[in-house]
Amino acid sequence: MNIVKKQMPTGELTLKVDDARFPLDWLVGFAARANAKRGFLFLSKVLGKHWPVTPRAMEAIHDDLAAQIPPSLPGPVVFIAMAETAVGLGQGVFEAWLRANPNGKALFLHSSRYRVGSVPFFEFEESHSHAPRQFLHLSDAASLLFSTARSLVLIDDEASTGNTFANLVAVCRARYPQLEKLHLGVITNFMGKDANAGLSERFGLPTSIGAALSGQYAFQVGAVPAPSAAPAQRFEAEQERGASPAFGRIGVGRALTPPQGLAVQLAQEIATGDTVLVLGTGEFMHPSFLLARELEALGKSVVVQSTTRSPILSWGSVGHIVSCDDNYGEGIANYLYNVAPGQYQHVLICHETPASPALMQLAGQLNGRLFHFQSETKIEEIPVC
C-alpha cells in the first residue's frame, strides 16, 4: 500500500493507494479547489481536461477501462458519461468498447448542464459541484433503446463517495426498471474497499467497477477553508446556449466519424517539430480528441486539453491559469489550466457553439484558430477578428 500526504492551502489530503494499473504520478496530480464543499482535486493527467495529454495516452486509458467492462453484461448496454469533465472520457471508452464488441448493441449519451431545444430530458444532481444540476436528453431513438436496455455503464473521471452515481442510478432505475446490471468505470476509484464490496447492495443491482487506480482518501479541512468561488451554473430553461445534439448529448449508437480531411489539411500547415494544442471547449471534448488523434497519426507533436467551468487555485499541479469568458453565454467564468500564451506553435480551438466575442477573446489570448463543428462532417474555420 502506497500512502501519500499532501498539505494544501485548503487542508491536508491523505491518499492510500491499494491497486494501480498505471503509476500514480502518471495518472494524477493534486490541486486545491475554490470550493468550500470540497477543497481538493485529484487532477487527472490522462483525461484531457486540466492537463495537456497526448491522444495516445488518452486512448490507453479508454482501452483499459473498456477492457474492464465485464463481457457478461447483457445487452443492450447504455453508456452515460458525466459532464463536463468526463464527457470525452466516456465517449472514448464507449468507442473502445465498440471496437472490442463490434456486434454489441449499445447507446452512448453524456449528461449536460444545458438544455437542448425541446428534446425530452430528465435530471439528477452532482451535489459537491459548483454546478450541481445535470440533465440527460434522449432522442426518440435513444429513448426507445434505453427502454430495452439491460445493462448500464456509468463513466466518470473519479469516484470518491459514489453519491453522484447513486443519484443517477436511482433516476434511471425509476424510469427503466428492466435494468439488470450496472458497471462503473473511473480513472481513479477512491471509495475504499468496504464501499466497493457494498456497491451491489447500495445500487440495488449487481454492480462491478473498473478503475485505473483504486484506494481511499481522507481530507482534513485547514484552518483557512477553501475560498468560495461564484456559482458555476445559471440554468434558464428557455435560453438557447448552442449545445449541439449532434455529438452524443441526445444519444448516439456508433463511433463518431474522425475529421480526417481537416487533419490532413492542417498537417500540411504544421512544420516538423512544431507543437500543437487541440483545445476543446466546455462539454465539447471528444471531437477535439479525434482531431488530435488524427494529427498524431500523421506524425505531429500534439496534446489535447479543454476549457472548464471548474474553479481551481494556482497550487500544486495547476500552474498558469487563463481566465476566459463563457462561450455558451451563461455569463460564468471559464478557465484553461497549465497553458501559457505562446507555449504552443499552433492552438486549434474546437467548439460547438456559434462564433462569439468569448471565442474571439480566447483565440486572441492564445493566438489560436477557431473551428466550428456544426456536425461530424461540417467543420468551418471561423476567422479570428
Side-chain angles (χ1 to χ4, degrees), residues 1-6 8 11-31 33 38-51 53 57-73 79-82 85-86 88-90 92-94 96-97 100 126-128 151-169 181-220 316-317:
M1 178 184 292
N2 183 22
I3 299 178
V4 178
K5 287 184 178 289
K6 292 289 180 180
M8 301 179 171
E12 184 180 70
L13 177 70
T14 301
L15 172 64
K16 298 179 181 179
V17 177
D18 298 321
D19 182 61
R21 299 166 67 89
F22 301 88
L24 173 65
D25 290 344
W26 187 77
L27 284 175
V28 296
F30 302 91
R33 290 163 53 113
R38 182 176 291 185
F40 63 93
L41 176 69
F42 298 106
L43 186 142
S44 174
K45 295 180 178 179
V46 293
L47 183 66
K49 193 62 177 175
H50 309 111
W51 186 275
V53 58
M58 291 177 70
E59 195 156 53
I61 294 298
H62 299 165
D63 290 340
D64 183 70
L65 293 184
Q68 293 186 63
I69 297 173
S72 59
L73 282 187
F79 288 72
I80 301 177
M82 304 296 184
T85 306
L89 173 69
V93 173
F94 168 70
W97 184 88
E126 184 181 8
S127 55
H128 69 267
S151 298
L152 187 62
V153 175
L154 305 184
I155 306 293
D156 208 350
D157 60 312
E158 172 206 327
S160 52
T161 65
N163 290 338
T164 303
F165 282 145
N167 293 341
L168 177 54
V169 170
K181 289 194 175 182
L182 171 67
H183 178 79
L184 310 177
V186 293
I187 298 174
T188 50
N189 171 21
F190 294 130
M191 292 189 290
K193 292 180 178 179
D194 291 343
N196 292 334
L199 289 176
S200 295
E201 181 179 0
R202 180 181 185 185
F203 292 116
L205 289 172
T207 302
S208 55
I209 186 166
L213 183 143
S214 300
Q216 50 196 311
Y217 75 92
F219 184 71
Q220 181 64 47
S317 296

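- Taking every heavy atom of both residues into account, S208 and H183 meet most closely at OG-ND1, 2.7 Å.
- Here the side chains of N189 and L184 are not in contact, with every heavy-atom distance at 4.5 Å or above.
- Between the side chain of Q68 and the main chain of A211, a donor-acceptor pair closer than 3.5 Å is present.
- Residues forming a side-chain contact (heavy atoms from CB on, under 4.5 Å) with K45 (at least two apart in sequence, or on another chain): W51.
- Under the ring-ring contact (aromatic ring centres under 6.0 Å, His included) criterion, F79 pairs with F94, W97, sequence neighbours left out.
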message = Apply side-chain contact (heavy atoms from CB on, under 4.5 Å) to residues F22 and V46 and explain how you reach the verdict.
response = CA-CA 11 Å; F22 301 88; V46 293; over 6 Å; no

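- In this structure, R33 contributes its side chain and L41 its backbone to no donor-acceptor pair below 3.5 Å.
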inquiry  = Using the rule given for side-chain contact (heavy atoms from CB on, under 4.5 Å), can you reason through L182 versus L154, listing the C-alpha separation, both sets of side-chain angles and the distance that settles it, and then say yes or no?
reply    = CA-CA 8 Å; L182 171 67; L154 305 184; 4.0 Å; yes

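- Looking at L168 and M82, their side chains come closer than 4.5 Å, going by heavy atoms from C-beta outward.
- To the nearest 0.5 Å, atom CZ of residue F42 and atom CG of residue L13 are 4.5 Å apart.
- Contact annotation: the side chain of H50 never approaches that of D157 to less than 4.5 Å [non-hydrogen atoms, C-beta and beyond].
- Scored by the side-chain contact (heavy atoms from CB on, under 4.5 Å) test, A20 finds V17, L213 as partners (sequence neighbours excluded).
- With sequence neighbours left out, the salt bridge (Lys or Arg N to Asp or Glu O under 4.0 Å) criterion links E59 to R99, R293.
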task = Starting from the C-alpha separation in whole Å, work towards a yes-or-no answer on side-chain contact (heavy atoms from CB on, under 4.5 Å) for M191 and L199.
result = CA-CA 10 Å; M191 292 189 290; L199 289 176; 3.9 Å; yes

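- Looking at heavy atoms from C-beta onward, L15 lies out of side-chain contact with K6 at the 4.5 angstrom threshold.
- Nearest heavy atoms, A212 versus I61: CB-CD1, 4.5 Å.
- Taking every heavy atom of both residues into account, L43 and A31 meet most closely at CD1-CB, 4.2 Å.
- You'll find the side chain of P70 stays beyond 4.5 Å of the side chain of K181, heavy atoms only.
- Residues forming a ring-ring contact (aromatic ring centres under 6.0 Å, His included) with F30 (at least two apart in sequence, or on another chain): none.
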query = Does the pair V153 and I155 meet the rule for a side-chain contact (heavy atoms from CB on, under 4.5 Å), with working shown?
reply = CA-CA 7 Å; V153 175; I155 306 293; 3.7 Å; yes

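- Between A159 and F165, the closest heavy-atom pair is CB-CE1, 4.1 Å.
- When the side-chain contact (heavy atoms from CB on, under 4.5 Å) test is applied to A166, the partners found at least two apart in sequence or on another chain are R202, F203.
- Between H62 and G88, the shortest heavy-atom distance links the atoms NE2-O, 4.1 Å.
- With rounding to the nearest 0.5 Å, the separation of CG in N196 from OG1 in T207 is 11.0 Å.
- Summarising the geometry, atom OG1 belonging to T14 is positioned 10.0 Å from atom CZ belonging to F219; distances are rounded to the nearest 0.5 Å.
- Heavy-atom contacts from other residues, nucleotides or ligands closer than 6.0 Å to CD of E12 number more than 12.
- Inter-residue side-chain proximity for E158 and V186 is flagged as unmet; no heavy-atom pair is nearer than 4.5 Å.
- For the pair L65 and L89, the minimum side-chain heavy-atom distance is below 4.5 Å.
- Contact record, G90 with A81: CA-CB, 3.6 Å, taken as the closest heavy-atom pair.
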